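Before we start, here is the structure in question, set down as structure tokens.
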Amino acid sequence: MEKYDPKKIEKKWQKKWQESGLYKDYSREKKLYALDMFPYPSGTGLHVGHPKGYIATDVFARFKMLEGHSVLHPMGWDAFGLPAENYAIEHKIHPESAVRENIQTFKAQLEKFGFTYDWDREINTTDPEYYKWTQWIFLKMFEKGLAYESDEPINWCPSCKTGLALEDLENGLCERCGSQVVQKKMRQWVLKMTDYADRLLEDLDKEGLDWENSIVDQQKNWIGRSEGALIKFQIVPKVEPSEFRRSNLRKERLEVFTTRLDTIFGCTYCVLGPEHKLIEKLKDRIENYTEVEKYIIQAQNKTFLERTDLQKEKTGIELKGIKVINPFNDEKVPLYVADYILGHYGTGAVMAVPAHDERDWKFAKKYKLFIREVIKSLNGKSFIQEEAFTEDGKLINSGKYSGISSKKAREEMAKWLEEKGIGQKKMNYKMRDWVFSRQRYWGEPIPLIFCPECKKRAENFSKVRPFPSSSEALGIPQGQTLKNFSKGELLNPGWIAVQENELPVKLPKVESYKPTGTGESPLANISEWVNTTCPKCGGPARRETNTMPQWAGSSWYYLAYVMRGISNFQFPISKYKEEFKKWLPVNLYVGGAEHATRHLLYARFWHKFLYDIGVVSTKEPFQRLVHVGLINGEDGRKMSKRWKNVINPNDVIEKFGADSIRLYEMFMGPFTQNIAWSTKGVIGMKRFLDKVWKLKSKIKNQKSKIQTKNKKLEILIHQTIKKVADDIQSFRFNTAISALMILVNKMEKESEIPNTSYQILATILSPFAPHLAEELWEKLGHGESIFEEIWPEYDPRLARDEEITLIIQINGKVRDQMKVPAGVKEDEAKKLALSREKVIKYIKDNTIKKTVFVKDRLVNFVI
RNA sequence: GGGCAGGUGGUGGAACGGGAUACACGCAUGGCUUAGGACCAUGUGCCGCAAGGCGUGAGGGUUCAACUCCCUCCCUGCCCACCA
């Protein structure tokens, strides 16, 4: 007999499958959209870790095809952004050709696995026809007032020479290159993601998503909603009574945010972050301003790392001459500046309650400030001089609120604040708006044009009708423009949207695509591209030269695959709505956990926006999300060039075949877990496939269905059909394969196997080892592909054993076992058990106090 | 410091509250062979000649019965981190 030679059969089937369009039957009633997080074609090629997720979706896709679904299973390239650009700079080639080369490498590698991709739907985020739509979505957001220009300080990476979103930092270092990030004020485009914070948070629970807890929690954590209150502390005016009226200082207030309003009677001082604007305003009144200024400069010079490193030691300085008034007890308390207060969270200022907050407690101890206890723990113990008590409890020393619970106090105090008009309940979020511009070449150009004339007009218009800055407060009907200006154009005077029919705004060719370092994108140097005319008034205007971040193109790509089914990205959007309805939401989304807080939040944000403007009809894009565990090097360390432990899938496929590596990566352990690679393990899979191959010689060609002579084999087959199906459905591939192995081991021991049994084996193995299964199928004389088959049905009665082994325990310890017919009754089982020699020996003359019987499982005698 | 996931043989790992270690790797012994990362058979948690005893990070608890549920603690990985 011929040997199993994966090299020979795999190429053959890969070619046939692609040519026959086997995967492109999209007409079936049942539909499934299986999606992988698409790769950055990075230049180093794939290592064996990358395809793990792709194999899983492929197994799932093939399984669903066998169950009669039309399956959409596409693949594409996320090719914009820093990795591609840095690679290009390093190798001194244009990013475009680098990307082209790398895609070729990646694609060649992927094709060897025999995936069910519909390559007709391949996408590439750097294709102008693709980013036309990335730009279009941005323009829609701009139009609705969700994009705004901002000069706020941003995180600047001096090495990558670009601004970074908070999400792009790792311990204060640039995630890409590890450089120290500095704060720099810069003009940026920012997307108002915080407008969607509540929906992004709540829909995680409300929309019935089938996501892993860990990822849901990470997102919730990142959004970081906390319920609290805003309180205005009046600043004590330092003026003579006669001047009081004239002074505008009397109106000066300090606004703080707290989640522990119930502790406010324990507020013995307040603290500002070094960035707080009030310091500058009160400059003249601060008696020790020189020292304060010194402290602030010091604090700002501290790098991100230093500020977090210095956790143990809290520093700060009092603003001498300034006091603020606690509205609840009219107490005048001192005001400090300290760098443990973050400028960007809440209002950048806190009321300090040292008795009930860890940080305030440490600070108060260090500077010997008064600590007043106002919350008593329910067990009454108090160690306020030893440590802060931060839990809820009962209020004391709190005027009329004394005696009530923390929870109730928060309610009532907030009500009081609102009545007095000096505060209110307020949600706060850790999540911030998305800094959306990058000062780099290799990204989508932001399709906006700056027109000085239109700026004047827009400003004049805004003067006539004062324009609120918050988009939700605008209340302008969707799509409507005022005096020809969209919401976005009025929010950002002078910035005019490129017309839809002018899209895409293509990236121009450029001499040097290296960052300029001045904070401007290299695009700024190309005057013939930058200088243009205003689409609104026709006057001279300039293009925006910033580009979009890498995350832009990946925030909607799952829609692009669907669009490719209809046309190659032509306008208008209405063309695609039906198709979106047909395929969305994505039924299965598989990818790395590292995207839990960035890509997945951005994509959900964009999807919700597209839902709001009527493009898609589901509130969430991804119905089921599974995260793939990493494959580490054989040494247990992360696979990387640095450790010389990288394994190229090509080499593995060359030696053992694609089916073996597919099988191995699914068998190595629980899918979501990180596990070290083992080439030995692949060998084991090759052995298994060899066995399956050789089993063919045992086929006894008989026509009848699973024949009854070999009842045990028949039962095992039915059990395996069920087990493999259940396990694939719940991503327990390792145990599915183990079940297949048990079946094969059993078949091996038989002298002959019915033809039908062998065909069932081939079918249920086919999602994992498609090439081998297809080859065997052909050899068995079938003209059609095995993937046109239907997943075999199992007989639920047969899937259960009819003879089972009943365990006999004495005092919970296993002492004996016996074979009995399934479904045996308690009395019968007891009688049988008690007649057994071993049982008699153990029981001797003890009395049986109790007997526990579990049907088809065990009988336990307690003596 | 917070959140999440984990801790089971020499290794990767199985196990609806019911036989701990399925399946695979490795190893050992024997066989086979024109010698290969081949194949076949048997064995393989620990102690013990055996009967038997002990075993799922540690300690407690619930239960007839705990890897599984509850409490306390230790350790590892990932994510977040002065978040008011």
Side-chain angles (χ1 to χ4, degrees), chain A residues 3 170-172 212-222 224-226 228 256-261 263 270-271 273 307-314 338-342 344-353 356-360 362-363 390 428-431 593-594 596-597 627 629-630 655-656 663-664 667-670 672-688 690-691 694 732 734-742 744-745 748 805-817 849-863:
Chain A
K3 260 183 77 179
E170 237 169 45
N171 295 323
E212 279 165 63
N213 276 340
S214 63
I215 296 193
V216 171
D217 287 339
Q218 270 183 56
Q219 287 218 357
K220 286 184 179 173
N221 230 306
W222 188 267
R225 181 162 82 178
S226 49
V256 304
F257 173 75
T258 180
T259 56
R260 290 300 304 275
L261 185 55
T263 65
C270 284
V271 196
R307 263 178 90 160
T308 43
D309 258 10
L310 289 169
Q311 272 186 39
K312 321 135 212 168
E313 202 52 13
K314 306 250 174 287
D339 66 5
Y340 78 87
I341 301 305
L342 306 172
H344 65 255
Y345 188 78
T347 59
V350 299
M351 62 171 207
V353 184
H356 306 291
D357 180 276
E358 208 82 44
R359 290 154 308 178
D360 297 342
K362 280 187 188 154
F363 192 80
T390 58
N428 213 319
Y429 303 89
K430 278 198 241 180
M431 188 179 80
E594 70 271 24
T597 48
H627 99 258
L630 295 175
K655 274 188 185 155
F656 308 105
L663 213 50
Y664 173 66
F667 180 69
M668 61 197 303
T672 59
Q673 196 170 300
N674 297 354
I675 299 174
W677 175 264
S678 152
T679 300
K680 287 260 169 64
V682 188
I683 296 174
M685 299 305 113
K686 174 69 169 28
R687 275 181 208 154
F688 168 67
D690 272 326
K691 277 190 211 172
K694 284 187 208 157
R732 291 190 306 249
N734 53 335
T735 48
I737 293 168
S738 133
L740 286 164
M741 286 171 168
I742 291 169
V744 168
N745 289 346
E748 227 190 359
T805 309
L806 200 70
I807 303 305
I808 304 170
Q809 295 181 336
I810 315 271
N811 283 351
K813 288 202 194 275
V814 179
R815 293 305 183 191
D816 199 3
Q817 47 181 273
K849 281 194 233 161
K850 187 175 175 182
T851 311
V852 181
F853 176 76
V854 184
K855 198 177 163 216
D856 290 351
R857 269 291 163 180
L858 60 78
V859 52
N860 183 16
F861 299 107
V862 185
I863 57 173

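Predicted model, so just to flag it, every value in this text is computed and none were measured. The figures here come from the full heavy-atom set of this structure, side chains too, leaving out hydrogens, waters and symmetry mates. Throughout, a chain's letter reflects where its sequence line sits, starting with A, and its residues are numbered from 1.
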- Query: If you look at every strand shown and take non-hydrogen atoms under 4.0 Å, does A:Arg732 touch a base, only sugar-phosphate, or nothing?
  - Reply: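 No contact.
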- Task: Measure the CZ-OH distance between A:Phe688 and A:Tyr664 for me, rounded to the nearest 0.5 Å.
- Result: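 Rounded to the nearest 0.5 Å, the CZ-OH separation comes to 16.0 Å.
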- Item | Side-chain N,O (A:Asn734) to OP1/OP2 (B:C23) below 4.0 Å | no
- Query: In whole Å, what separates the P atom of B:U63 from that of B:A15?
  - Reply: 28 Å
- Item | RNA chain B: stems of at least 3 consecutive Watson-Crick or G-U pairs whose donor-acceptor distances fall under 3.5 Å |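 Looking at RNA chain B, the stems formed by three or more consecutive pairs are B:1-7 with B:74-80, B:10-12 with B:23-25, B:26-31 with B:39-44, B:45-47 with B:52-54, B:57-61 with B:69-73.
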- Query: Of the nucleotides B:A84, B:A15, B:G53, which one has an atom closest to the side chain of A:Thr735?
  - Reply: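 My answer, after comparing the listed nucleotides, is B:A15.
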- Item | d(NE2, A:His344; C1', B:A84) in whole Å |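 So the two atoms are 12 Å apart, to the nearest Å.
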- Measure the CE-OG1 distance between A:Met351 and A:Thr258 for me, rounded to the nearest 0.5 Å.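 Between A:Met351 CE and A:Thr258 OG1, I get 4.0 Å after rounding to 0.5 Å.
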- Item | Pairwise P distance for B:C23 and B:G43, with rounding to whole Å | 12 Å
- Query: In a check of side-chain contact (heavy atoms from CB on, under 4.5 Å) between A:Val216 and each of A:Gln219, A:Glu212, A:Lys220, which one passes?
  - Reply: A:Lys220
- Task: Taking atom P in both B:A5 and B:U21, compute the distance separating them and give it to the nearest angstrom.
- Result: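 Result for the P pair: 28 Å, nearest Å.
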- Which value, in whole Å, describes the distance between the P atoms of nucleotides B:G26 and B:C4? 39 Å
- Is a donor-acceptor pair below 3.5 Å formed from side chain A:Lys655 to base B:G37, judging by atom type as modelled? yes
- Item | Point-to-point distance, once rounded to the nearest 0.5 Å, from NZ of A:Lys655 to CD1 of A:Ile683 |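 Result: 8.5 Å between the selected atoms.
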- Message: Strictly below 4.0 Å: does A:Arg359 bring a side-chain N or O up to OP1 or OP2 of B:C83?
- Response: yes
- Query: So does A:Lys314 reach the base of B:C82 with its side chain, donor to acceptor, closer than 3.5 Å?
  - Reply: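 Answer is yes: a donor-acceptor pair is held.
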- Item | A:Pro670 side-chain proximity, nearest of B:G13, B:G3, B:A84 | B:G13
- Message: Using the salt bridge (charged side-chain N to carboxylate O under 4.0 Å, His left out) criterion, which residues pair with A:Asp690? Sequence neighbours excluded.
- Response: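 Counting only residues at least two positions away or on another chain, A:Asp690 forms a salt bridge (charged side-chain N to carboxylate O under 4.0 Å, His left out) with A:Lys686.
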- Message: Could you walk me through whether A:Lys691 and A:Asn745 satisfy the side-chain hydrogen bond (donor to acceptor under 3.5 Å, both in side chains) test, starting with their C-alpha distance in whole Å, then the side-chain angles of each, then the deciding distance to 0.1 Å, before giving a yes or no?
- Response: CA-CA 9 Å; A:Lys691 277 190 211 172; A:Asn745 289 346; 3.2 Å; yes
- Note on the structure: A:Lys686 NZ to B:C25 C1', in whole Å, measures 17 Å
- Message: Measure OH/A:Tyr664 against C1'/B:G26 and give the value in whole Å, please.
- Response: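 Rounding to the nearest Å, OH of A:Tyr664 and C1' of B:G26 are 13 Å apart.
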- Query: What's the base orientation of B:G9: syn (chi within 90° of 0) or anti?
  - Reply: syn
- Task: Measure from the side-chain heavy atoms of A:Tyr345 and tell me the nearest of B:A84, B:G13, B:G19.
- Result: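 Looking only at side-chain atoms, A:Tyr345 lies closest to B:A84.
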- Residue A:Lys813, side-chain heavy atoms: nucleotide from B:C54, B:G19, B:G18 that is nearest: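 The closest nucleotide is B:C54.
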- Message: Please tell me if A:Asn745 has a side-chain N or O lying less than 4.0 Å from either OP1 or OP2 of B:A24.
- Response: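 True: A:Asn745 side-chain N/O within range (under 4.0 Å) of B:A24 OP1/OP2.
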- Is a side-chain N or O of A:Asn811 found less than 3.5 angstrom from the main chain of A:Ile863, in a donor-acceptor match?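 Checking the backbone N and O of A:Ile863 against the side chain of A:Asn811, a donor-acceptor pair under 3.5 Å is found.
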- Indicate, with a heavy-atom threshold strictly under 4.0 Å, whether A:Val854 touches base, sugar-phosphate, or nothing. base
- Spacing of A:Leu261 atom CG relative to B:A84 atom P, expressed in whole Å: 14 Å
- Query: Taking atom C1' in both B:U56 and B:A51, what distance in whole Å separates the two?
  - Reply: 26 Å
- Query: Can you tell me how far C1' of B:G12 sits from CD1 of A:Ile683, to the nearest Å?
  - Reply: 15 Å
- Can you tell me how far P of B:C16 sits from CG of A:Asp856, to the nearest Å?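 Taking CG of A:Asp856 and P of B:C16, I get 17 Å after rounding.
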- When the P atoms of B:A66 and B:G30 are considered, how many whole Å apart are they? 43 Å
- d(CD1, A:Ile808; C1', B:G18) in whole Å: 14 Å
- Between A:Arg687 and B:G26, does any side-chain N or O lie under 4.0 Å from OP1 or OP2?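 Yes.
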- Task: Considering only atom C1', compute the distance from B:A22 to B:G45 and round it to an integer number of Å.
- Result: 15 Å
- Message: Using atom C1' in both nucleotides, what's the gap between B:G57 and B:C67 to the nearest angstrom?
- Response: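 It comes out at 12 Å once rounded to the nearest Å.
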- Query: CG of A:Leu858 to CD1 of A:Ile808: how many Å apart, nearest 0.5 Å?
  - Reply: 10.0 Å
- Message: Test your reading of the model: is there a side-chain donor-acceptor pair from A:Arg359 to the backbone of A:Lys314, 3.5 Å cut-off?
- Response: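 Looks like no, no N/O pair under 3.5 Å.
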- Interatomic spacing from CZ in A:Phe667 to CE in A:Met741 - rounded to 0.5 Å: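 Rounded to the nearest 0.5 Å, the CZ-CE separation comes out at 4.5 Å.
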- Any donor-acceptor pair under 3.5 Å joining the side chain of A:Gln809 to the base of B:G19?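 No, the side chain and the base share no sub-3.5 Å donor-acceptor pair.
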- Query: Where the side chain of A:Asn674 meets the backbone of A:Leu630, is there a donor-acceptor pair that is under 3.5 Å apart?
  - Reply: yes
Give me the distances for all protein-to-nucleotides 6-9 of chain B N/O pairs that come in under 3.5 Å?
none

- Task: Could you grab the distance from atom CG of A:Leu806 to atom CZ of A:Phe853, nearest 0.5 Å is fine?
- Result: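 Result: 6.0 Å between the selected atoms.
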- Select from A:Asn860 and A:Ala349 the residue whose nearest nucleotide in RNA chain B is closer to the 5' end of that strand.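 Mapping each residue to its closest nucleotide by heavy atoms, the 5'-most match is A:Asn860.
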- Query: CG of A:Asn674 versus P of B:C79: gap in Å, rounded?
  - Reply: 10 Å
- Message: Quick check on B:C64: is either OP1 or OP2 less than 4.0 Å from any side-chain nitrogen or oxygen of A:Lys850?
- Response: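 A:Lys850 to B:C64 OP1/OP2: side-chain N or O found under 4.0 Å.
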